[in-house]
**Student:** 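Below is one structure. I have some questions about it.
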Amino acid sequence: MQKTTKTRTFNLILTAMLISLVFVSTLVLNIKLPIAANGGLVHLGTAMLFIASILFGPKKGALAGAIGMGLFDLVSGWTLWAPFTVVARGLQGYLVGKIAWSFGRKGSSIAFNLIATISSIPVMLGVYYICERVLYGSWIIPLASIPGNIVQNVVGIIIAIPVSALLRKVPVFK
């Protein structure tokens with residue numbers, strides 16, 4: 001009973017820390033891209049979402065991405081986007097974690113981690129595209145956001161894959 005309580009408490013604290021890391025990473029360094037009205041942001045939150053999903057699996061990755069970036073939207077003037085971010089980033093984190101942790105790998109395969117992060121991009125793009133379609137009433141206007149979102153994900157992958165590989169060498173993650 002006590003071991004179960006300790007494990008649950010540890011998982012709750014770990015998840016809260018991952019949410020905080022994604023939130024702070026998104027908040028600290030974000031650059032609004034000069035592509036159309038809503039060209040998007042490039043920020044370190046995407047890299048942290050990928051790292052959380054690769055190192056800790058789909059559930060923690062989904063929660064870290066959804067809540068961390070959703071909170072960023074709420075406090076940074078992107079309030080209207082928060083519900084869509086929760087869905088897009090939650091799905092993205094879950095997908096990355098699910099693929100990276102498939103077949104018992106637990107994020108240990110660089111090739112599968114790369115496949116996971118790349119595979120998650122169309123999901124994120126699709127959710128935001130549909131969101132913008134609803135908000136702007138056009139199928140054309142959302143196309144302007146796609147390049148910025150791709151840049152954001154590519155930057156996240158470039159950072160997350162090597163950082164995850166390095167962190168995997170730390171005894172805690174073995």
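None of the values given here were measured: they were computed from a predicted structure.
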**Student:** Would you give the length of the straight line joining atom CZ of Phe56 to atom CG of Leu18, rounded to the nearest 0.5 angstrom?
**Tutor:** 5.5 Å
**Student:** Of all the heavy-atom pairs spanning Ile141 and Glu132, show the shortest one and how long it is.
**Tutor:** O-OE1, 4.5 Å
**Student:** For Asn11, run the side chain to side chain donor-acceptor pair (under 3.5 Å) check against Lys60, Lys59, Lys6 and tell me which one passes.
**Tutor:**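 Among Lys60, Lys59, Lys6, the one meeting side chain to side chain donor-acceptor pair (under 3.5 Å) with Asn11 is Lys60.
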**Student:** What distance separates Phe23 CZ from Met48 CE, expressed to the nearest 0.5 Å?
**Tutor:**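 Between Phe23 CZ and Met48 CE, I get 13.5 Å after rounding to 0.5 Å.
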**Student:** Are the side chains of Ile157 and Ile121 in touch, meaning some heavy atoms are under 4.5 Å apart?
**Tutor:** yes
**Student:** Is it the case that one hydrophobic cluster holds both Leu114 and Ile150, taking links as side-chain heavy atoms less than 4.5 Å apart, direct or via other members?
**Tutor:**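 In one cluster: yes.
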**Student:** Minimum heavy-atom separation for Ala82 and Gly70, please, with both atom names.
**Tutor:**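 Distance-wise, the nearest heavy atoms are CB-O, 3.9 Å.
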**Student:** Taking all non-hydrogen atoms of both residues into account, name the closest pair between Val96 and Ser53 and its distance.
**Tutor:**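 So the minimum-distance heavy-atom pair works out to CG1-CB, 3.6 Å.
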**Student:** Going only through I, L, V, M, F, W and Y residues with side-chain contacts under 4.5 Å, is there a path from Val86 to Tyr94?
**Tutor:**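 No, separate clusters.
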**Student:** Hey, does Val123 have a side-chain heavy atom less than 4.5 Å from the side chain of Gln92?
**Tutor:** no
**Student:** Is it the case that more than 12 heavy atoms not belonging to Ile110 sit under 6.0 Å from its CD1 atom?
**Tutor:** no
**Student:** What are the two closest non-hydrogen atoms of Ser119 and Leu95, and how far apart are they?
**Tutor:**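 Between these two residues, the closest heavy atoms are O-CD2, 3.5 Å.
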**Student:** Supply the atom-to-atom distance Leu44 CG to Leu29 CG, rounded to the nearest 0.5 angstrom.
**Tutor:**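 Reported value, rounded in 0.5 Å steps: 4.5 Å.
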**Student:** Check the angle between the aromatic planes of Phe112 and Phe103 and answer parallel, tilted or perpendicular using the 30° and 60° thresholds.
**Tutor:** perpendicular
**Student:** Step by step, work out the side chain to side chain contact (heavy atoms under 4.5 Å, CB included) result for Thr26 and Asp73.
**Tutor:** CA-CA 9 Å; Thr26 308; Asp73 283 352; over 6 Å; no
**Student:** How close do Ser76 and Leu27 get, counting heavy atoms only, and between which atoms?
**Tutor:**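 Distance-wise, the nearest heavy atoms are OG-CD1, 3.6 Å.
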**Student:** Side-chain contact test, heavy atoms from C-beta onward, threshold under 4.5 Å: evaluate it for Met17 versus Ile13 and give yes or no.
**Tutor:** yes
**Student:** Of the non-hydrogen atoms in Ala47 and Ala160, which two are nearest, and what is the gap between them?
**Tutor:** O-CB, 3.6 Å
**Student:** Decide yes or no for Arg105 and Ile99: does some side-chain heavy atom of the first lie under 4.5 Å from some side-chain heavy atom of the second?
**Tutor:** no
**Student:** Do Trp81 and Leu135 come close enough that some side-chain heavy atom pair is under 4.5 Å?
**Tutor:** yes
**Student:** I'd like to check Arg89 versus Thr46 (side-chain heavy atoms, cut-off strictly below 4.5 Å). Are they in contact?
**Tutor:**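 They are in side-chain contact.
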**Student:** Give a yes-or-no answer on whether the side chains of Tyr128 and Thr85 include a donor-acceptor pair shorter than 3.5 Å.
**Tutor:**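 Looking only at side-chain atoms, Thr85 and Tyr128 do form a donor-acceptor pair, the distance falling under 3.5 Å.
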**Student:** If you count every heavy atom of other residues, nucleotides or ligands that lies below 6.0 Å from Phe84 atom CZ, does the total exceed 12?
**Tutor:**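 Count over threshold, so yes.
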**Student:** With a 4.5 Å cut-off on side-chain heavy-atom distances among I, L, V, M, F, W and Y, is there a chain of contacts connecting Leu71 to Leu12?
**Tutor:** no
**Student:** From Ile158 CD1 over to Asn153 CG, what is the distance, rounded to the nearest 0.5 angstrom?
**Tutor:**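 CG of Asn153 is found 11.0 Å from CD1 of Ile158.
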**Student:** Atom CG in Leu55, atom CG in Leu167: separation rounded to 0.5 Å?
**Tutor:** 5.5 Å
**Student:** Measure the CH2-CG distance between Trp101 and Asn113 for me, rounded to the nearest 0.5 Å.
**Tutor:**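 The distance works out to 11.0 Å.
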